[in-house]
Amino acid sequence: MPYSNKTVAAISNAPKNLGSHLGRWAVRRDLSVLRVAKALGVTRQTVYNWFIGGEIFPAYQTRAQRLLDILQETHTADEAWKRICTEYNLTP
């Protein structure tokens, strides 16, 4: 499901940090907030907060950085999701 224009604008205008960078790549790959939340073990609201510039807690930073790396290394949401599922032992 594509991101709304309002969400894309909020992510684009967010201060540059790991969370907003992750948000920009999630939008670029069209990887849903639900899937990001599932991969990182947080709520969708937490992911939205990170995407608009909120700080990622240290306990989640390594996982979030790895997720960002996967998004940057893949070309589609499906390809990214398959790699994420393998990396984090998730059921697709």
Side-chain angles (χ1 to χ4, degrees):
M1 171 188 290
Y3 288 86
S4 71
N5 291 337
K6 182 179 175 181
T7 300
V8 172
I11 293 169
S12 297
N13 294 325
K16 305 271 195 252
N17 64 17
L18 178 57
S20 62
H21 199 58
L22 180 60
R24 287 178 183 88
W25 277 94
V27 167
R28 184 175 289 155
R29 293 290 178 255
D30 198 23
L31 185 70
S32 72
V33 168
L34 180 62
R35 286 186 167 179
V36 173
K38 184 175 180 180
L40 298 177
V42 297
T43 66
R44 289 177 296 145
Q45 185 60 55
T46 297
V47 172
Y48 279 117
N49 289 342
W50 291 347
F51 281 7
I52 61 169
E55 285 297 317
I56 296 178
F57 301 116
Y60 295 99
Q61 287 178 355
T62 301
R63 288 176 67 90
Q65 182 61 56
R66 183 63 192 128
L67 184 76
L68 176 60
D69 293 342
I70 291 169
L71 289 173
Q72 292 173 331
E73 294 165 2
T74 56
H75 299 288
T76 66
D78 287 337
E79 182 184 353
W81 183 240
K82 287 176 187 172
R83 290 218 14 223
I84 291 163
C85 287
T86 300
E87 182 88 16
Y88 296 116
N89 295 318
L90 300 173
T91 304

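Treat the numbers as computed from the prediction; the structure is a model and nothing was measured.
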Query raised in the report: Are the side chain of Tyr88 and the backbone of Arg63 linked by a donor-acceptor contact shorter than 3.5 Å?
Result: yes
For residues 9-20, please give each side-chain donor-acceptor pair under 3.5 Å, one per line with the distance, not counting sequence neighbours.
from: Ser12; atom 1: OG; to: Val8; atom 2: O; distance (Å): 2.9
from: Asn13; atom 1: ND2; to: Ala9; atom 2: O; distance (Å): 3.0
from: Asn17; atom 1: OD1; to: Gly19; atom 2: N; distance (Å): 3.1
from: Asn17; atom 1: OD1; to: Ser20; atom 2: N; distance (Å): 2.9
from: Asn17; atom 1: OD1; to: Ser20; atom 2: OG; distance (Å): 3.3
from: Asn17; atom 1: ND2; to: Gly53; atom 2: O; distance (Å): 2.7
from: Ser20; atom 1: OG; to: Pro15; atom 2: O; distance (Å): 2.7
from: Ser20; atom 1: OG; to: Asn17; atom 2: N; distance (Å): 3.1
from: Ser20; atom 1: OG; to: Asn17; atom 2: O; distance (Å): 3.2
from: Ser20; atom 1: OG; to: Arg24; atom 2: NH1; distance (Å): 3.0

Report task. For residues Thr74 and Ala80, report the shortest heavy-atom separation together with the two atoms involved. Result -> OG1-CB, 3.3 Å
**Report entry** Spatial distance of atom CH2 (Trp25) from atom CG (Asp69) [nearest 0.5 Å]
**Finding:** 10.5 Å
Requested in this report: Just jot down the side chain to side chain donor-acceptor pair (under 3.5 Å) partners of Ser4, sequence neighbours excluded, or say none.
Outcome: Thr7
**Report entry** Pair listing, salt bridge (charged side-chain N to carboxylate O under 4.0 Å, His left out) test, anchored in residues 74-88, at least two apart
**Finding:** Arg66-Glu87, Glu73-Arg83
Report summary line: For residues 31-46, the salt bridge (charged side-chain N to carboxylate O under 4.0 Å, His left out) pairs (sequence neighbours left out) are none
Query raised in the report: Ala39 and Leu67: which non-hydrogen atoms are nearest, and at how many Å?
Result: CB-CD1, 4.2 Å
Query raised in the report: Does Leu71 share a hydrophobic cluster with Ile52, counting links as ILVMFWY side-chain heavy atoms below 4.5 Å and allowing steps through other members?
Result: no
**Report entry** Any pair counted as ring pair (Phe, Tyr, Trp, His ring centres under 6.0 Å), so long as it reaches residues 51-76, sequence neighbours left out
**Finding:** Trp50-Tyr60
Report task. Quick one: closest heavy-atom pair of Val36 and Ala26, and the distance? Result -> CG2-CB, 4.4 Å
Report task. Might you work through the side-chain contact (heavy atoms from CB on, under 4.5 Å) test for Leu40 and Ile56, ending with a clear yes or no? Result -> CA-CA 11 Å; Leu40 298 177; Ile56 296 178; over 6 Å; no
Query raised in the report: Sub-3.5 Å donor-acceptor pair from the side chain of Tyr3 to the main-chain atoms of Arg28, do we have one?
Result: no
Report task. Would you kindly confirm whether Leu22 and Leu90 end up in one hydrophobic cluster when ILVMFWY residues are joined by side chain heavy atoms under 4.5 Å apart? Result -> yes
Query - Partner set under ring-ring contact (aromatic ring centres under 6.0 Å, His included) for Tyr48, not counting sequence neighbours - result: none
